[in-house]
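Okay, so here's the structure we're looking at.
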Amino acid sequence: MAELETRELEYFLAVASELHFGRAAVRLSIAQPALSKAIQRIETRLGVQLFTRSSRHVELTAAGEALQEHGRHALNAVSAAARNARRAGESHLRLVLKPGGDAGLLSGILAEYSRHPDAHQVDILFSGPADRADFLLSGRADVGLLFVPFDDLTGLASETLRFEDRVAILPSTHRLAGRPSVRLSDLDGETLPSWKGVPGVEGTGPAVADVVQLLHLVSLERMVGVLPRSLVDQVPPGVVCVPIEDAPPSQLVLAWNEQDRRPQVASFVNAALDSVRYSPVSPVD
């Protein structure tokens, strides 16, 4: 069987996805007659019919379904190979984190990394509460600072940099605000936020996109929150943080794509681990 070109696979997968030659042509920014001829050439070369066509309907044949399944994987592999080749030749690393989401460790990590003989320039990227893992999986970033269990590490490798207690974020007028600590059961029935874009977090309160929005709504007595302590080093007037005795600790981790084995990534990870290993952890007030 003759091999297909990448562009031909793109054409086929667009039609297979849309099941409509007109929509697929618009998606590909080519003329519909040119797309129809391209599909016919593919079928002639493979010696099979990929689609059944009528004036009103387009369907995949069994051969088309097989090519769709395996062609998608092949195209993804080609894209990943090209992306990795570009990244291998880059002279800088991209680090993604949420604003304020480094627990005060980043300056020490960067200083330690700069002492490595093979150190690259580090570009800092900021993201929302839910897309740092996507940055790493898609190749938009090389390493990232994530919080477990809040971030999904599927497809990522990671090293833990710090364990943190969690605190309840409360209005200063709240019934629990004056306590030295609380338990998770004390928060039963409270209104908690639902975080935009974060699956599995089913709060009953308004959706929030970041810590700033959460603190504002807490100050208005609309809800309470639970966060790692380092994410709320400073709170506005009318808001207090109370330690939670029985909440499992969160972890600040340095993560990267588990398929990424480039030396520059390994060097940065080693520098981060050395930095936290030999630096005292500042107490959290």
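Only this structure's heavy atoms are used, side chains among them; waters, hydrogens and symmetry mates stay out. These numbers were taken from a predicted model, which means no experiment stands behind them.
Following chains of ILVMFWY side-chain contacts shorter than 4.5 Å, one cannot reach Val26 starting from Leu13, and the two form parts of different hydrophobic clusters. Taken together through direct or relayed side-chain contacts under 4.5 Å among Ile, Leu, Val, Met, Phe, Trp and Tyr, Ile30 and Leu4 form part of one hydrophobic cluster.
Every residue meeting the side-chain contact (heavy atoms from CB on, under 4.5 Å) condition with Pro236, not counting sequence neighbours, appears here in chain and number order: Leu215, Val239. Applying the salt bridge (Lys or Arg N to Asp or Glu O under 4.0 Å) rule to Glu245 yields the partners Arg183; only residues at least two apart in sequence or on another chain are considered. In this structure Thr173 satisfies the side chain to side chain donor-acceptor pair (under 3.5 Å) test together with Glu221, sequence neighbours excluded. Looking at residues two or more places apart in sequence or on another chain, you find a side-chain contact (heavy atoms from CB on, under 4.5 Å) between Val148 and Leu153, Gln251, Val253. Legend: residues meeting ring-ring contact (aromatic ring centres under 6.0 Å, His included) with Tyr11, ordered by chain and number and at least two apart, are absent. The salt bridge (Lys or Arg N to Asp or Glu O under 4.0 Å) search around Arg261 returns none, not counting sequence neighbours. By the side-chain contact (heavy atoms from CB on, under 4.5 Å) test, Ser172 is found to be paired with Val240, residues two or more places apart in sequence or in another chain being considered. Listed by chain and residue number, Ser267 satisfy the side chain to side chain donor-acceptor pair (under 3.5 Å) test with Asp118 (two or more places apart in sequence, or in another chain). Under the side-chain contact (heavy atoms from CB on, under 4.5 Å) criterion, Glu65 pairs with Leu60, not counting sequence neighbours. When the side chain to side chain donor-acceptor pair (under 3.5 Å) test is applied to Ser107, no partner is found at least two apart in sequence or on another chain. Remark: Asp123 pairs with His92, Gln121 by the side chain to side chain donor-acceptor pair (under 3.5 Å) rule, at least two apart or across chains.
Checked for salt-bridge contact, Glu112 and Arg115 meet the test: a charged N lies under 4.0 Å from a carboxylate O. Look at Arg179 and Asp186 and you find a salt bridge, because one of the NZ, NE, NH1 or NH2 atoms lies within 4.0 Å of a carboxylate O, short of that distance.
Looking at Asp151, its side chain never comes within 3.5 Å of a backbone N or O of Ala133 through a donor-acceptor pair.
Considering every non-hydrogen atom in both Lys98 and Arg132, the closest pair reads CB-NH1, 3.4 Å. For the residue pair Ser181 and Val242, the shortest heavy atom distance occurs at CA-CG1, 3.6 Å.
The aromatic rings of Phe21 and Phe51 sit perpendicular, their planes meeting at an angle over 60°, well past the 30° parallel limit.
Counting only residues at least two apart or on different chains, the salt bridge (charged side-chain N to carboxylate O under 4.0 Å, His left out) pairs with a member in residues 4-23 are Glu8-Arg45, Glu18-Arg23, Glu18-Arg27.
Here the straight-line distance linking atom CZ of Arg162 with atom OG of Ser250 works out to 9.0 Å at 0.5 Å rounding.
Side-chain contact annotation: Arg140 with Ser138, donor-acceptor N/O pair under 3.5 Å present.
Between Phe126 and Phe135, the gap from one ring centroid to the other reaches at least 6.0 Å.
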